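Below is one structure, written out as C-alpha cells; the observations come after it.
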2 protein chains.
Amino acid sequence: MLENWFPPGPRPTAAARSSIFIANRLENGDRHLWETALSRGERSWRKGEELAVEGEPPGALHVILEGWVQKYRQLPDGRRQLLGFCLPGQVCDIDLLRRRVHGHTATAIGNLRAAALTRDGLEELLDRCRGLGAALIDADTISAAIQREWLVNVGIRSGRERLAHLLCELYVLQGGDVDRGEVDFPVTQGQLGEALGMTSVHVNRILREFQAEYGAAVQQRRLAISDFGALARRAVFDPAYLGIDSEKPN
Amino acid sequence: MLENWFPPGPRPTAAARSSIFIANRLENGDRHLWETALSRGERSWRKGEELAVEGEPPGALHVILEGWVQKYRQLPDGRRQLLGFCLPGQVCDIDLLRRRVHGHTATAIGNLRAAALTRDGLEELLDRCRGLGAALIDADTISAAIQREWLVNVGIRSGRERLAHLLCELYVLQGGDVDRGEVDFPVTQGQLGEALGMTSVHVNRILREFQAEYGAAVQQRRLAISDFGALARRAVFDPAYLGIDSEKPN
DNA sequence: CGGCTGGTTGAGCGTGGTCAAGTCCAGTGG
DNA sequence: CCACTGGACTTGACCACGCTCAACCAGCCG
C-alpha cells in the first residue's frame, strides 16, 4: 500500500559500512532480532510531516527504513539551520534516552517509512540483543562527529568547500563509488543552503560550477559524481570521521 | 607552588547551577567522593600545552579545576575552528569513554589546573559514586547541546548576533548577573574569531560597538556587561539549552 | 630594555546576500 | 486529457558584510 509512494527506478545503493547504520554493527543473531522488532513498529509519514518537535518530550526512537529525515533548529524570526540528515538504516531521535525535551525538530524530506520504538520496547530489546547497546552508542558517537564536522564546515570553509564537503559526505555515507558513482539525493537546493549557512541562490551557482568542473550533478533526486577525487580535494574532505569500516577509497 | 601562577585578584564568581558542572548534580556524599578523587589526580599545564591531541588515543578524563581549555579542529592548511571551551568544574575529554582516538585537540588557554582520571580510576569511582554516571551523561548532553547551538550560531546568525550570543552564553554559564555583572573571560579576540568563524579584526570592531551600545567590555580577562537584557535580545539568546537549574534571569 | 602577543584602526575589495523575474516540472482537479 | 498551480531551479543586477593587508600601539615577560 505504501509502495506506490515510491516510483519505480533505481533502488538505493548498498549502504556503506559506516557504523552509523545500526545493522552494520550487529551479528547475525542480533541483527535478526533487530530487524523483526523494526518490522513490528513500522509507520509512515508524508513529505514534511514531523517525527519530533523541538521543545516537546521525546516519544519514540525512530529507525529510518526508507526516505530521508532532516533535523533542524529554527529561530523565532524564521531562519532555520539544518543540523543533520537521517538516512535509511540510521536511528533518528536518540534524544529519547537522555533528554526531557527534543533539542531540534525532525521532519520527513519526502515520503517516509520508519520504525518507531517506544522506550519500553527499546529497553526490552536491549536486554535480548546483547550487541545493540554498543551499536547505538557507536552510531550516536558518529552522529556527534558529523555534527562537529558541520560546525567546522560552516565555520572555516568557503562556500565552495562547504558544498563540496557535504556532497562528499553524503556520497561516501551511501557507499558511492570513487569512479563515476551515483547515490540517492532527495535534498533540495534550499535545504542544502540551510545546512550550509548560505542561500539557495548561491548553492545553485556553485552547483552549476561543480557540474562543469567535477561532473557532480543532482538530477532526479540522485547525485552523480564523475571525479570524486578532485571534488574531495577541493573540499579538504577526510572521511575518517564517518566511522567507515573498510579499505578507504583513495 | 602553583598558586603564584594565578595573580591575586577577583576569584571566579560562584558557578551557575548548570548541570554541565558535574558537582552541581551530585549529592553531598557523592560530591565528597568526587572531590577527593579529583584532588588525587591533580596536574597542571602551562598556557598553550595540550590535554588531548586530535587523532591520538584518549589517555585520561580531565576535570578542570582552574583556568580554561579550548577544543578545536584544524585543517591541514592551518585554518582552525574552535569547538568549545571547558570552564572550571567541567569535564573535558569524555571521548575517553567511547572513541578510539580524539576527534579534536584541547589546549590550555592560560595556565591550568585539572584533575586527570584514568579509565580504571574512573570506573572504580563510578562504582562507588552512585550518581556520577547520570551526572556525566547530563554534562555530556549539555555539551552536545552547546555545540549544536554553535552550529546554529555560525550557520544563520550575523556577525554581531554571533558574538553577542557567545558572550551571553559564557556570561550565563558563569552565573553572571543580569544587572551589571562581571565574569572571568580569558579568551583573546583571535580565539573569539576562531570560535565564531570570523576574523579577529572583525571581532574587534563589533566588540567596540557593543561597548558603546550595551556596556559590554572585556578588560583584564574579565567580561563586564551592564545591559545584559539588551545584549541577549540582540543575540536572540535563549538560555534553555544550557541546562540551568534555577529561576531564569528575565 | 627589547621582543612578542594581543589589541586597534584604516583602506580597499570580494564572497556571498538580496531582490527580482522567469522557466521547468510534477501533481491536482476539471 | 489538458489547464492550472505551486514548488524548485535558474539567472541577472546590485550591494554590503566581513575579509585582507597593513601599520601602529600597549602591555607583559624575559
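Letters go in sequence order (proteins before strands), and every chain restarts at 1. Being a predicted model, the structure only gives us computed values, none of them experimental.
- Closest of all the heavy-atom pairs between B/Pro58 and B/Asp95 is CG-O, 4.2 Å.
- No hydrogens or angles were tested; on distance alone, a donor-acceptor pair under 3.5 Å links the side chain of A/Arg205 to the base of D/dG12.
- Following rounding to the nearest Å, A/His202 (NE2) and C/dG14 (P) show an atom-to-atom distance of 15 Å.
- Residue B/Gln191 is the one, among A/Arg162 and B/Gln191, whose nearest nucleotide of DNA chain C lies closer to the 5' end (criterion: closest heavy atom).
- The side chain of B/Val201 has D/dC21 as its nearest neighbour among D/dC21, D/dC19, D/dG12.
- Distances were taken from every side-chain heavy atom of A/Asn204 (C-beta onward) to each of D/dT10, C/dG10, C/dT5; the shortest belongs to D/dT10.
- Nucleic acid contact for A/Gly197: sugar-phosphate only, since backbone atoms but no base atoms lie under 4.0 Å from a heavy atom of the residue.
- Between A/Leu207 atom CG and D/dT11 atom C1' there is a gap of 14 Å when expressed in whole angstrom units.
- The distance between atom CZ of A/Arg160 and atom P of C/dG17, rounded to the nearest whole Å, is 11 Å.
- Using cut-offs of 30° and 60° on the angle between ring planes, the pair A/His104 and A/His102 is tilted.
- Listed nucleotides: C/dG16, C/dG7, C/dT9. Nearest to the side chain of B/Arg208: C/dT9.
- Among the protein residues, A/Ser200 comes within range of no part of the nucleic acid, since none of its heavy atoms lies under 4.0 Å from any strand.
- B/Gln220 places its CD atom 12 Å from the C1' atom of D/dC28, with the value rounded to the nearest Å.
- Picking from C/dG17, D/dG18, D/dA8 the nucleotide with the shortest atom distance to the side chain of A/Lys47 gives D/dA8.
- Rounded to an integer number of Å, the gap from A/Gln211 CD to D/dC9 C1' is 12 Å.
- Taking the six-membered ring where the residue is Trp, A/Tyr171 and A/Phe228 present parallel rings, their angle staying beneath 30° rather than reaching 60°.
- Residue A/Thr199 has no polar side-chain atom (N or O) positioned under 4.0 Å from OP1 or OP2 of C/dG16.
- Under the 3.5 Å distance criterion, with hydrogens and angles disregarded, no donor-acceptor pair is assigned to the side chains of B/Gln189 and B/Ser200.
- In terms of heavy-atom proximity, A/Glu169 sits nearest to A/Ile146 at OE2-CG2, 3.4 Å.
- Side-chain N/O atoms of B/Arg221 and base N/O atoms of C/dG6 include no donor-acceptor pair closer than 3.5 Å.
- The distance from atom CD of A/Gln219 to atom P of D/dA8 is 18 Å, rounded to the nearest whole Å.
- As judged by a 4.0 angstrom heavy-atom cut-off over every strand, A/Gly193 is placed among residues making no nucleic acid contact.
- Distances were taken from every side-chain heavy atom of A/Met198 (C-beta onward) to each of C/dG7, C/dG17, D/dT20; the shortest belongs to C/dG17.
- Look at A/Gln189 and you won't find any side-chain N or O under 4.0 angstrom from OP1 or OP2 of D/dG7.
- A cation-pi arrangement is present between A/Arg43 and A/Trp45 under the rule of less than 6.0 angstrom and at most 45 degrees off the ring axis.
- Straight-line distance from the CD1 atom of B/Ile206 to the C1' atom of C/dT8: 14 Å, rounded to whole Å.
- Between the P atom of D/dT10 and the CD atom of A/Glu209 lies a distance of 13 Å, rounded to the nearest Å.
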